[in-house]
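What follows is a single structure, written as structure tokens, with notes after it.
Convention: sequence-line order gives letters A, B, ...; per-chain numbering from 1.
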Amino acid sequence: MSRYDTKTIEPKWQAAWEQAGTFVATRDEAKPKYYVLEMFPYPSGRIHIGHVRNYTMGDVIARFKLATGHNVLHPMGFDAFGMPAENAAMASGGHPKTWTYDNIDTMVEQMKPLGFGLDWSRMFATCDPEYYGQQQAMFLDFMEKGLVYRKNAVVNWDPVDMTVLANEQVIDGKGWRSGAEVERRELTQWFFKISDFSEELLEAIDGLDDWPAKVKLMQQNWIGKSRGLEFAFERVDGGDPIAVYTTRPDTLMGAAFVGISPDHPVAKALAAADPKVEAFRAECQKGGTTEEALEKAEKLGLDTGLTVRHPLNPNWELPVWIANFILMDYGTGAIFGCPAHDQRDLDFCRKYALPVTETFVPEDTKLAPKSILDAEFVDGDIAEVHGTRYFRLHDQAYVPPKTERVRWINHFAGLDLATGDEAIDATIAVAERDGWGKGVTNYRLRDWGLSRQRYWGCPIPVVHCEDCGVVPEKKENLPVELPFDEDGKPIDFSVPGNPLDRHPTWRDCACPACGKPAKRETDTMDTFVDSSWYFARFTAPREKTPTNMDDAKYWMNVDQYIGGIEHAILHLLYSRFFARAMHICGHLPKSAIEPFDALFTQGMVTHAIYVTRDENDRPVYHFPEDVEIHESGARLGATGEEVEVIPSAKMSKSKNNVVDPVAIIDQYGADTARWFVLSDSPPERDVEWTAAGAEAAFRHLSRVHRISAEIAEGGDTGTGDDALRRAMHKAIHDVTMGVESFGFNAAIAKLYAFTNVLAKAKASHAARREAIITLAQLMAPMTPHLAEEIWATQGGEGLIANAPWPKADESLLVEDTVTLPIQVNGKRRSEVTVPKDLPKAEVEKLALADEAVVKALAGGQPKKLIVVPGRIVNVVI
RNA sequence: GCGGGCGUGAUGGAAUGGUAGACAUAUCGGACUUAAAAUCCGUGGGCCGUAUGGCCGUGUGGGUUCGAGUCCCACCGCCCGCACCA
């Protein structure tokens, strides 16, 4: 009997698929098309077991769709621009281009033995000039349609290296290499006008029926539509009024101060005249640009000495403060602070001794007069004195949901009991009636800054001309290619800053408008641009235009997109924007403006970390192969030292817990790796790689292989054909459901169960042969090599990859009798087996006659009797 | 800080609001073997009980329901994102 020899089996079938062109996609109007795509990898160097999981899921879908009669497109490429290539060049003196293409070669070589059903003929990398040249062409189209513009924006500035830093390169507010305190600095940058699409991108989320609800919710919150009031505070000194935007105009009577951003024009004007203000602005510019850093930073304020008049009472003057937590990018860059109903404002006002005024109190309370002592407020903000409940603020701002009714104090629109939403409406109405403000809709979504001051990215194809200004490059001059050399030598990346900026010749060019000598733009594009349209490019990857409309019409949309949850917002939102922009420029049909019909977000593959401590109590990480697991705990194989096990940690080179797919394939074969990454956890959740789990997967596949070999040797073993066929059709049904609903782990559990039945089945040779062939077909999307091998062993024609998916015989799925649990007051007490169509009344009779029920009733009558046909009986006493 | 998610035996997990723990792993017991490996059979949430069986049990505390792992509220813990990481 032949053993399960993956080293022979797997390359054999991979060669067979390649020779047959099984996965090469060509347009065929006669068949329904199916486009399945996994988020393409960054060529970091080696493939990761996480990639294996991602692509295996896609491959299961692709092979399943092929078997169900679809014309499948399942391509692969590389998201190849980005910082790590430059970092590698900086660290070891190579070139980003060489590093990247070497990595791509390695990774392709590592992916092929996994047997993915990919159309490799469509592969490209985003750093191919053929790709980024088309991207530049689209950029010019976007410019023409007014979708691109320039403005100032803040970046992380390293004052020692004199260079812009990515957020990732800012560690605890310091530059990663120089260690210098990072500053926020303004730079003129290129932007895509994604904010023009805020409403459309928000509304269209409703139509994304096959996206996870959590992703849709995150995108909605990110776009952040809000309704509010815009108005201006008159300055007492007669200067330009200060415009503010607020989502809580109902709290206007609780205003304590007006706050402006350190980057607000008024703040800048004051700073020009007053070094104290300038020093404060400089203080505010310390640290990185992330919203997290800004939000967590200590709240700082500076009283400008300016005052403004309250719009509802000209005698009420409010101080103007500069505050570091106010963003110039959102609203008008100025707010009014209402400490009673906003925690951040409350903290600020307590810190700077500004007054706190409630504008509303809980419905069943009164505002506490001063005469009620603090001591009465034993439990937070409410005190009860002589039967009356009084409210007064303490440490927490009072922020009830806007849909909750509250009691208003001195509301100028005459409200008494009303919800926040009603009060906002009333306030906006009054402001509009009296002409001092207007209701506006605002979005949190900001325009997409795409400029990067780095080398390894797609050059922005514009030219700066002294006479003509910013001029788009001519399309016939595309691609604007990155230079490989400078002064005849490969570019030196050991110097901080953008090599394009200091390149001796690359910048020099002729102005596309007037022909005079001019300078190229040296900013390159954000790598998110590259990944925002690659899915469209896969439909016609060699086209001399960004897309081919016929191909795009045929293949788009992506029917199933699969990738990590970490891309839930940015990548997916940018792609949705890009599809719309491409449609406007004639590169995609209208039908493709929502490019991903269905989205699935898969979890990570994790692995335990093994740690010991050195003499200074610093952690020492050990490779799994150096650790022995005993019942009493884990120990180092060499020394017997006890090892701490941290389960389910993200794989990381520095923690020595990375599982290399290449080693796994070598040890067990690709099918085992594929089977394991699908089997133990639901695909949306993290799965922990364990040696025992991989071993178990391998044992199971060996067992299936062995069963096939036994059956091939023939012989009838009994007469249980009927039971085996029932189990088989149940398996067909369950596995089909599992695959269609991304329940891969559940599908695999059903395959285990069916295998157990088949292994023990006493049945005719014909029935057993039918069962093993069906099992192979059901396993084929997950373990395609083993499936082909069994198919061939059992004399199947052609390739199993092309065989039609088995169909479940519905008549064999239904049982004649069902066993119903009988509950008494919701607790299971007994059960009764009845014919499946037994009328409800009969079931009730049987239930009431049940020994346990009779005992529980003790002669009495049940209060209620619930019979759910085919499910359960509940007797309520 | 803000937004989103997750939490079930020793372990990974299963379960259209309807018998919690399918399937797999560890463990333990047995068969086969001179022996081991492989394989096969059984055991496999906790407590009590020889057993039929009983009580408890899905992070914690409350709620809705005839019935809650599942729905709602609060809390705790962990994970993801926060616009220049990909």
Side-chain angles (χ1 to χ4, degrees), chain A residues 39 41-42 44 79 81-84 153 155-156 164-170 189 194 212-215 217-222 224 288-297 299 325 329 343-344 444-454 526-528 530-531 564-571 573-574 601 603-604 629 631 647-648 650 679-682 684-688 690 692-693 695-697 699-700 702-703 706 743 745-746 748-753 756 759-760 819-831 862-866 868 870-877:
Chain A
M39 290 179 187
Y42 177 79
S44 55
D79 187 15
F81 275 134
M83 270 199 320
V155 293
N156 302 303
V164 177
L165 297 178
N167 285 336
E168 198 188 42
Q169 297 170 314
V170 178
Q189 310 242 62
I194 189 172
K214 61 179 169 183
V215 174
L217 192 55
M218 281 191 260
Q219 292 222 347
Q220 280 163 359
N221 290 338
W222 186 262
T289 58
T290 66
E291 195 163 309
E292 185 188 2
L294 294 170
E295 287 286 339
K296 282 187 176 168
K299 306 293 177 273
F325 57 82
D329 285 337
Q343 189 60 40
R344 193 177 56 184
R444 202 184 75 99
L445 180 64
R446 306 200 295 260
D447 277 332
W448 172 9
L450 68 119
S451 289
R452 296 293 181 272
Q453 294 71 41
R454 275 190 279 277
D526 177 7
T527 57
F528 272 120
D530 311 333
S531 56
I565 184 71
E566 67 273 20
H567 295 293
I569 297 173
L570 291 179
H571 163 60
L573 193 61
Y574 289 157
T601 55
M604 286 187 303
I629 312 285
E631 222 182 315
S648 298
K650 191 190 239 177
S679 65
D680 259 11
S681 270
E684 67 275 17
R685 231 190 281 178
D686 292 352
V687 62
E688 180 169 358
T690 61
E695 181 70 38
R699 275 208 308 269
H700 177 73
S702 304
R703 184 184 184 213
R706 198 165 56 242
N745 57 325
I748 282 180
K750 304 292 185 190
L751 287 167
Y752 269 110
N756 288 340
K760 289 175 202 169
T819 300
L820 296 178
I822 298 177
Q823 294 182 335
V824 176
N825 289 337
K827 278 186 190 289
R828 185 181 174 283
R829 282 292 176 267
S830 182
E831 63 182 33
K863 270 195 203 141
K864 210 169 174 181
L865 188 57
I866 288 152
V868 184
R871 303 300 302 189
I872 205 161
V873 180
N874 192 10
V875 185
V876 185
I877 296 173

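- Between G4(B), C84(B), A24(B), one nucleotide has an atom nearer to the side chain of A696(A) than all others, and that is A24(B).
- Here N756(A) lies in heavy-atom contact (under 4.0 Å) with sugar-phosphate atoms only.
- Residue-to-nucleotide contacts include a donor-acceptor pair under 3.5 Å from the side chain of E292(A) to the base of C82(B).
- Below the 3.5 angstrom threshold, one finds no donor paired with an acceptor across the side chain of N167(A) and the base of C84(B).
- Among the nucleotides A83(B), G4(B), U19(B), the one closest to any side-chain atom of R446(A) is A83(B).
- Within 4.0 Å of R444(A), counting heavy atoms only, lies at least one base atom of the nucleic acid.
- Looking at heavy-atom distances under 4.0 Å, K296(A) makes contact with a base.
- Residue contacts for G449(A): at a heavy-atom cut-off of 4.0 Å it reaches the sugar-phosphate backbone alone, with no base atom in range.
- Put simply, the side chain of E566(A) and the base of C85(B) share no donor and acceptor less than 3.5 Å apart.
- A glycosidic torsion no more than 90° from 0 defines the syn conformation, and G9(B) adopts it.
- The phosphate of A86(B) (OP1 or OP2) has a side-chain N or O of T527(A) nearer than 4.0 angstrom.
- When both pairing distances are held under 3.5 Å, C55(B) makes a Watson-Crick or G-U pair with G46(B).
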Original post:
For nucleotides 44-49 of chain B, read 5' to 3', which letter fits each nucleotide if B means a protein heavy atom sits under 4.0 Å from the base, S means only the sugar-phosphate is that close, and - means neither?
Top reply: ------
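- At a cut-off of 3.5 angstrom, counting only N and O atoms as typed in the model, there is a donor on one side and an acceptor on the other between the side-chain of R454(A) and the base of C84(B).
- Nucleotides C80(B) and C85(B) have their C1' atoms positioned 14 Å apart, rounded to a whole Å.
- Y752(A) has its OH atom 21 Å from the P atom of G21(B), to the nearest Å.
- Which of U19(B), C84(B), G13(B) sits closest to the side chain of D526(A) comes down to C84(B).
- In this structure, the nucleotide among A86(B), G13(B), A24(B) sitting nearest to the side chain of P682(A) is G13(B).
- L445(A) comes within 4.0 angstrom of a nucleotide base, judged by non-hydrogen atoms across all strands.
- A donor-acceptor pair under 3.5 Å is absent between the side-chain atoms of Q189(A) and the main chain of L450(A), judged by distance alone.
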